[in-house]
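When reading the values below, keep in mind they use all heavy atoms of this one structure, side chains included, and skip hydrogens, waters and symmetry mates. Bear in mind that the values here come from a model prediction, so they are computed numbers and not experimental data.
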Number of protein chains: 2
Amino acid sequence: MTVTIKDLAEKVGVTVTTISRVLNNRGYISDDLKKRVQQATKELNYQPNELARSLSRKKSNIIGLIIPDVSHPFFAELTKHIEYYAYEQGYKVLLCNSLLNKNKEREYIDLLKASQVDGIIMGSQTISVEDFELINLPVITIDRKISNQIPYICSDNYDGGKIATELLIDKKCKKIAHISGNLQLNLLAKQRHEAFVDKVVQNGIEYVVVETDINGFDLKDYEKLVHKLFQEHPDLDGVFASSDMIAMQVVNECQKLGYRIPEQVKVVGYDGIAQGYNRNYMITTIEQPIKEMGKLAVENLVQQILTKNPPMETILPVKLLERETT
Amino acid sequence: MTVTIKDLAEKVGVTVTTISRVLNNRGYISDDLKKRVQQATKELNYQPNELARSLSRKKSNIIGLIIPDVSHPFFAELTKHIEYYAYEQGYKVLLCNSLLNKNKEREYIDLLKASQVDGIIMGSQTISVEDFELINLPVITIDRKISNQIPYICSDNYDGGKIATELLIDKKCKKIAHISGNLQLNLLAKQRHEAFVDKVVQNGIEYVVVETDINGFDLKDYEKLVHKLFQEHPDLDGVFASSDMIAMQVVNECQKLGYRIPEQVKVVGYDGIAQGYNRNYMITTIEQPIKEMGKLAVENLVQQILTKNPPMETILPVKLLERETT
DNA sequence: TTGTACGCGTTATCAT
DNA sequence: ATGATAACGCGTACAA
């Protein structure tokens with residue numbers, strides 16, 4: 001049924017070796033032969049079996065992408081760009097949603113290794129550092145520094161937190177809340193929190209910090225969190241949310257409560273998702289260079305795969321997008 | 001370096017055949033041996049090579065997912081559920097964004113075949129019917145009927161269009177616009193358009209139809225389209241948009257123009273994306289059962305792979321979510 | 001410029 | 001209950 005390199009060889013009247021050579025452009029081959037092979041390839045509709053190739057070459061040209069959840073807009077966009085650049089470099093991407101579930105994450109890592117992927121991009125982060133170091137495969141993490149052995153890529157979280165907080169302070173906010181991602185996950189994103197605290201303390205501003213649940217991105221949880229925040233602190237006049245999704249909830253809650261934005265309450269989000277939910281909302285935000293992050297993640301990983309030595313640390317600049325909520 | 005089944009066999013003191021048997025639970029094996037193998041597997045940290053397995057078995061347990069763009073919230077969510085159910089059934093998913101580019105789509109199809117995927121879920125749809133039938137692999141399409149040979153899955157587009165249009169008519173709209181997806185793509189989604197036209201004509205309502213560009217989901221294009229629509233038809237009092245993304249643009253444009261919603265203009269969207277951009281926007285919408293679609297797509301495809309005969313046609317019901325824009 | 005023969009890691013068929 | 005060996009489809013020293 002399936003036509004193999006043998007059939008091709010027979011048809012052309014040479015051996016498989018020669019065919020393989022032609023197909024991979026290795027060594028010397030006569031132009032005449034080249035054409036005959038191409039011809040036969042068309043006629044038989046031959047397609048090389050990548051599985052067999054990978055097995056023989058010990059290289060699958062597949063990279064694994066582990067993220068918490070593609071349906072989160074930040075990761076959706078990141079995934080899009082990763083896929084794009086991976087394809088450009090000749091790699092396929094195997095998509096893995098960990099759902100921030102430790103077991104699924106670990107299982108996926110094993111599965112990826114068993115599948116002989118050439119490398120892994122980790123945008124998820126629940127397993128321990130030790131588990132991580134057992135991976136024994138090219139890996140790059142997004143927004144998390146695991147150890148000195150594993151390259152990571154992130155945007156300048158501290159700077160982002162600083163810019164956001166300073167903006168609110170400049171705009172005369174007197175009591176500012178920071179809604180942070182979960183801090184136990186030990187992401188670099190927690191530097192946004194650090195910058196926030198540094199700035200409000202430096203300026204002697206009253207502040208409050210709350211953090212989201214460790215289990216992911218449930219909008220309803222955000223809703224509750226925000227609701228509770230304003231119940232306990234009705235006098236807030238500034239909010240720095242650690243994602244645009246959260247910021248949207250803040251805007252909604254304020255509308256419900258009848259607080260005018262930006263007159264009474266100012267809101268700054270984070271991420272700057274291009275597909276524009278946020279853009280529609282016109283929320284002031286700190287934009288991460290998601291496309292660039294995806295691109296560099298792929299490039300760094302490919303470098304590792306080719307046993308070059310890519311940078312261990314890649315920190316990309318963020319940008320303030322001031323819109324209608326400040 | 002890498003430990004293979006041979007190493008295991010040596011260590012345990014049997015042949016690879018026996019090991020393979022134990023690993024795959026085939027035939028009779030003594031309990032004692034079972035334990036020794038498990039023991040050795042742990043000690044050597046052995047992991048079967050899925051590539052070799054797939055090659056030998058002629059089954060990769062990989063399914064290809066071709067969609068226009070994961071960063072579009074509808075597909076992001078669909079992808080999430082597809083990945084979830086695929087994983088549950090023991091399949092990995094290879095992610096392919098066609099970006100609605102005919103060539104990339106075709107290249108990806110070839111790549112997937114070469115990679116020996118067991119089947120393909122097609123959420124993208126630019127290539128021709130003939131090209132499609134050449135695929136010669138289990139395939140299921142989302143929202144497109146290709147031929148009588150290829151199963152498809154969709155929600156009830158006609159009903160959705162009907163419900164949306166009727167709602168606007170019931171609410172006394174006198175001039176209604178429908179912003180449709182591109183009709184040349186020949187998606188089943190065009191039935192929304194058909195239902196719209198049927199209903200407005202039946203009721204003698206003034207109407208106008210515009211359709212989006214064929215090249216994808218650029219928000220800026222939506223913006224222009226909507227802007228132009230209201231320029232040419234400032235007297236619109238109802239809009240049925242074929243996606244929530246577009247509906248959001250309509251809401252924005254109305255705000256810019258100072259049209260009050262829902263008093264002066266009523267808006268109905270489509271999709272009902274759970275992650276809630278729309279939910280935040282509180283746009284009345286027709287909800288597609290995205291999770292169910294993902295689940296059934298995977299199940300149908302797996303059935304095909306196992307050479308059962310799954311249904312050729314799966315049409316799921318939609319639901320009106322009435323919120324604040326009608 | 002082309003061919004021979006073996007290896008990649010696993011499964012499957014037939015024996016024993 | 002376990003083993004020997006071919007097969008899966010391709011790549012690659014080494015030869016010729």
Touch class at under 4.0 angstrom, heavy-atom based, for A:S30 against every strand present: sugar-phosphate
Any residue meeting salt bridge (Lys or Arg N to Asp or Glu O under 4.0 Å) with A:K104, in chain and number order, not counting sequence neighbours: B:E83
Annotated protein contacts, base or backbone, on nucleotides 3-9 of chain C with a non-hydrogen cut-off under 4.0 Å, one of B, S, - each: BBB-BBB
Residue pairs, two or more places apart or on separate chains, that pass ring pair (Phe, Tyr, Trp, His ring centres under 6.0 Å) and touch residues 121-152 of chain B: none
Donor-acceptor contact below 3.5 Å, side chain A:K113 vs main chain A:I135: yes
Nucleotide C:dT10, atom P - distance to CG of B:D7 in whole Å: 9 Å
Contacts of B:E107 that satisfy salt bridge (Lys or Arg N to Asp or Glu O under 4.0 Å) - sequence neighbours left out: none
Under the ring-ring contact (aromatic ring centres under 6.0 Å, His included) test, residues paired with B:Y87 that sit two or more places apart: A:Y108
Covered region of DNA chain D, 5' end to 3' end, by chain B [heavy atoms, under 4.0 Å]: D:dA1 to D:dG9
Terminal axes of the helix from C:dT1-D:dA16 to C:dT16-D:dA1 (five pairs each): angle between them, nearest 10 degrees: 40°
Sequence neighbours excluded - salt bridge (Lys or Arg N to Asp or Glu O under 4.0 Å) pairs with any residue from residues 288-299 of chain B: none
All salt bridge (Lys or Arg N to Asp or Glu O under 4.0 Å) counterparts of A:E105, not counting sequence neighbours: none
Short side-chain to backbone donor-acceptor contact, B:S56 and B:A52, under 3.5 Å: no
Sugar-phosphate only, base, or nothing, as touched by B:L33 at under 4.0 Å among non-hydrogen atoms: sugar-phosphate
In residues 12-22 of chain B, what donor-acceptor pairs under 3.5 Å come from side-chain atoms, sequence neighbours left out?
from, atom 1, to, atom 2, distance (Å)
B:T15, OG1, B:T18, OG1, 3.4
B:S20, OG, B:N24, ND2, 3.4

Salt bridge (Lys or Arg N to Asp or Glu O under 4.0 Å) pairs, two or more places apart, involving residues 43-53 of chain A: A:K11-A:E43, A:E50-A:R53
Separation of C:dT1 C1' from A:D31 CG (nearest whole Å): 12 Å
Salt bridge (Lys or Arg N to Asp or Glu O under 4.0 Å) partners of A:R106, counting only residues at least two apart: A:D131
B:R26 side chain near C:dT11 phosphate (N/O to OP1/OP2, under 4.0 Å): no
Atom-pair distance (CD on B:Q116; P on C:dT10), nearest Å: 19 Å
